[in-house]
S.K.: 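Quick one: the structure is below, questions incoming.
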There are 2 protein chains.
Amino acid sequence: MSLPEDPPLGLRERKKRATRDALADTALRMAAERGLEEVTVEAVTAEVGVSVRTFFNYFGHLDDAILVADPDGTERVRRAITGSTAGGTTLSVLREALSAELTHIEEGHGRWELQCTVLEHTPSLFPRFLAARGADEQALIAAVAERLGVGVDTDLRPRLLVHTTLAAVRAAVELWTATGRARPLKAFYDEAFTELATALQG
Amino acid sequence: MSLPEDPPLGLRERKKRATRDALADTALRMAAERGLEEVTVEAVTAEVGVSVRTFFNYFGHLDDAILVADPDGTERVRRAITGSTAGGTTLSVLREALSAELTHIEEGHGRWELQCTVLEHTPSLFPRFLAARGADEQALIAAVAERLGVGVDTDLRPRLLVHTTLAAVRAAVELWTATGRARPLKAFYDEAFTELATALQG
DNA sequence: TGCAAAAATGCACGCCATGCAAATTCACCC
DNA sequence: GGGTGAATTTGCATGGCGTGCATTTTTGCA
């Protein structure tokens, strides 16, 4: 169940995407298997069958290839935000969209599991992982702004709502990991919103 | 008005700190003056008067030296969290501590202004800037956990409260910057908490 | 088939970052 | 004040990273 691409991409574009995906997938898999330190750009390109120089046409750094987000996930969330015509506050829509994505992740889909493996073995990579999520963040903010019908640079709310929801995601994921996945990720996530409401009322 | 150091540091420790500070200050100043791309580790060490190898004894990357936080600020916030015996919720203490720090920053103290100059000229550095703030984040979480008397890995609240407060900080700073500092930073910050309360109640 | 644009490639270059062993500096104590 | 051991600095060598540029190959389209 892949997402439908709007225009039927030409051969050129399809090949580019295939190469990019192959590089990202190979880099991530190799890093998960043998550890980040044992992976070189040369080894990745050798397995994919392109030149080293080509790698750097697609990614600025080796880490970028390993840490790029699952593009499907980004698109799913965006559509959930802008497409939902149902009622409810913007925050609840945002909360639900991310909740669905967390479930998707918890079930082992996407690149998440492999990325976690790499991060466990190389904690120093974690800040860069968060940094790589910055792109998703901007996309989220733009989607929320679109839904609210305001500009990202004139209204505080899009940024605030996204950052706050991601705060809940972060806290939930961190504790989920720290407790050895003692409870379902979604339980921590829901608890976060409950605690948040309490903290802001008292 | 520097912070009092508890033990009267020996010559060795003082020299180490002086070298570290000189490297960080020089790297940041050079980057602000001539742009990050024009700064090399060699140039920094030449000006400070140490070897290149010594630089890497203190910092893992050139960026690290540029993006390290003002240690005084980190310490100020930590003391505000753990030291305050006044009433109020943990969130309000946290909110107030960060508010004071924002004021301090807005008045042009610390490394903030120079770092902003570098970031404006090199936006690609911004994610790494946020990543560098990760250390502060951990310190904050630990301080809040101490105040609450709970463990960081067993209770959701320390992480949640810190991440949420930082969400408000982030949204406020981003909009403050995006609007060309149309209003005081603190105004955006306070509005963020107001909006937050509204969003979570509705 | 032939042409123009886009992409991939090879090469050169400088910087980054680390390990290791030798030299230097510091703290401590006689 | 001089000697001793530990901490720190340093030079050197090494390998990978990341980029600019000119060239070759591939693709889209007429």
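All values reported here derive from a predicted model rather than from experimental measurement. Each chain gets a letter, A, B and so on, in the order the sequences are listed, and its residues count up from 1.
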S.K.: Base of dG18(D), side chain of R53(A) - is there a donor-acceptor contact under 3.5 Å?
M.R.: no

S.K.: Pick base, sugar-phosphate or nothing for V41(A), based on heavy-atom distances below 4.0 Å to the nucleic acid.
M.R.: sugar-phosphate

S.K.: Report the distance from atom CZ of R20(B) to atom P of dT8(D), rounded to the nearest whole Å.
M.R.: 13 Å

S.K.: Please check the phosphate of dT9(C) (OP1 and OP2 only) for any side-chain N or O of S51(A) closer than 4.0 Å.
M.R.: yes

S.K.: Between K15(A) and dA7(C), is there a side-chain N or O to OP1/OP2 distance below 4.0 Å?
M.R.: no

S.K.: Heavy atoms only, 4.0 Å cut-off, all strands: where does F59(B) land among base, sugar-phosphate and nothing?
M.R.: nothing

S.K.: Does H61(A) put a side-chain nitrogen or oxygen below 4.0 Å from OP1 or OP2 of dC17(D)?
M.R.: no

S.K.: F56(B) has an atom CZ; how far is it from atom C1' of dC17(D), in whole Å?
M.R.: 12 Å

S.K.: Over all strands shown, is V50(B) touching base, sugar-phosphate only, or nothing at heavy-atom distances under 4.0 angstrom?
M.R.: sugar-phosphate

S.K.: Distance check: side-chain N/O of K16(B) vs OP1/OP2 of dT8(D), anything under 4.0 Å?
M.R.: yes

S.K.: Want to settle it: does G49(B) or T40(A) sit nearer the 5' end of DNA chain D, counting the closest nucleotide to each?
M.R.: G49(B)

S.K.: Just checking F55(B): base, sugar-phosphate only, or nothing, at a heavy-atom cut-off of under 4.0 Å?
M.R.: nothing

